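Everything below concerns the one structure shown next.
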Amino acid sequence: QVWLVESGGGLVQAGGSLRLSCAASGRTFGSYAMAWFRQAPGKEREFVAVISWSGGNTYYPASVKGRFTISRDNAKSTVYLQMNSLKPEDTAVYYCAAGPYRLRPDEYDYWGQGTQVTVSS
């Protein structure tokens, strides 16, 4: 069992940066891949980034590649999402998830409650 709590969301102007954090509890954090997803109003949950259990592998969709960076600190049971050059279309609730190294939200077993990111133009 893994419990996840996101933080770091907020309101930022276009072109700005935010760093999201996801703190995990549970003894098996280091054995899970960790991912970030986002969901805007009226839209499906969208994959944003994933990192392997060791941190050695990451993957991003084209929409965020080069702007977002996922990282993890297994000693702190925390995963991060550094978001740079933010755009209004990045506005969404951001969720972290623990599970296998996959891209679909239905393949993840554990979810946080989400944190709102709003990018103003």
Side-chain angles (χ1 to χ4, degrees):
Q1 183 72 27
V2 179
W3 292 267
L4 305 171
V5 179
E6 302 96 334
S7 61
L11 174 64
V12 63
Q13 289 189 331
S17 298
L18 280 175
R19 188 175 85 150
L20 306 183
S21 299
C22 174
S25 59
R27 295 186 297 171
T28 57
F29 173 79
S31 64
Y32 290 100
M34 296 296 297
W36 288 94
F37 292 83
R38 66 187 181 188
Q39 190 165 19
K43 294 189 176 182
E44 294 186 351
R45 194 162 293 191
E46 175 190 16
F47 166 74
V48 174
V50 63
I51 188 166
S52 61
W53 67 270
S54 67
N57 292 290
T58 59
Y59 184 79
Y60 308 89
S63 57
V64 307
K65 192 172 185 179
R67 300 189 298 124
F68 290 10
T69 302
I70 189 171
S71 61
R72 68 189 294 162
D73 185 338
N74 285 346
K76 295 182 178 180
S77 297
T78 302
V79 62
Y80 305 97
L81 184 68
Q82 178 67 43
M83 305 186 294
N84 298 329
S85 302
L86 283 162
K87 305 175 181 180
E89 51 264 43
D90 294 319
T91 295
V93 177
Y94 283 71
Y95 299 89
C96 69
Y101 190 80
R102 296 288 188 269
L103 309 184
R104 288 170 42 185
D106 60 1
E107 295 182 285
Y108 284 80
D109 296 322
Y110 305 108
W111 292 87
Q113 83 289 349
T115 186
Q116 176 71 47
V117 171
T118 303
V119 184
S120 63
S121 57

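Values reported hereafter were calculated over all heavy atoms of this structure, with side chains retained and with hydrogens, waters and symmetry mates removed. A quick note: this is a predicted structure, and the numbers were derived from the prediction, not measured.
Each of V117 and W111 belongs to its own hydrophobic cluster when Ile, Leu, Val, Met, Phe, Trp and Tyr are linked at side-chain heavy-atom distances under 4.5 angstrom. L103 and V79 end up in different hydrophobic clusters when Ile, Leu, Val, Met, Phe, Trp and Tyr side chains are linked at under 4.5 Å. A single hydrophobic cluster is seen to contain both L81 and V64, as judged by linkage of ILVMFWY side chains at heavy-atom distances under 4.5 Å, directly or through other members.
Shown here is Q113, whose CD atom has more than 12 heavy atoms of other residues, nucleotides or ligands within 6.0 Å. Heavy atoms from other residues, nucleotides or ligands lying under 6.0 Å from OH of Y101 number more than 12. Within a 6.0 Å radius of CD in Q13, no more than 12 heavy atoms belonging to other residues, nucleotides or ligands are found.
Using a 4.5 Å cut-off on side-chain heavy atoms (C-beta onward), Y60 and R67 make no contact. The side-chain heavy atoms of L4 and Y95, taken from C-beta on, include no pair separated by under 4.5 Å. Annotation: side chain of S63 is in contact with side chain of R38 (closest heavy-atom distance under 4.5 Å). Within the 4.5 Å cutoff, side-chain heavy atoms of M83 are placed close to those of L20.
The heavy-atom pair separating A24 from V2 by the smallest distance is CB-CG1, 4.0 Å. Nearest heavy atom pair, residue V48 against residue F68, reads CG1-CD2, 3.6 Å. For the pair N84 and S17, the tightest heavy-atom approach, listed with the atom from each and the gap, is OD1-OG, 2.9 Å. What you find for V119 and T91 is that their closest heavy atoms are N-OG1, 2.9 Å. When every heavy atom of T78 is checked against every heavy atom of A23, the shortest pair comes out as OG1-CA, 4.1 Å.
To the nearest 0.5 Å, atoms CZ (R72) and OG (S52) are separated by 7.0 Å. The CZ atom of R19 lies 11.5 Å from the OG1 atom of T69; values are rounded to the nearest 0.5 Å. From F29, atom CZ reaches atom CH2 of W3 across 14.5 Å, with rounding to the nearest 0.5 Å. To the nearest 0.5 Å, atoms CZ (F37) and CZ (F47) are separated by 6.5 Å. Between the CG atom in N57 and the CD1 atom in I70 there is a gap of 12.0 Å [rounded to 0.5 Å]. Between atom CD of residue E89 and atom OG of residue S121 there is a gap of 10.0 Å, rounded to the nearest 0.5 Å.
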Would you please test W36 and I51 for side-chain contact (heavy atoms from CB on, under 4.5 Å) and show each step?
-> CA-CA 9 Å; W36 288 94; I51 188 166; over 6 Å; no
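No side-chain donor-acceptor contact under 3.5 Å links Y94 to the backbone of G114. Side chain of N74 to main chain of S54: no donor-acceptor pair is present (N/O by atom type, distance under 3.5 Å, no hydrogens or angles). Of the possible polar contacts, none joining the Q39 side chain to the A92 backbone as a donor-acceptor pair under 3.5 Å is found. No donor-acceptor pair closer than 3.5 Å links the side chain of Y108 to the backbone N or O of C96.
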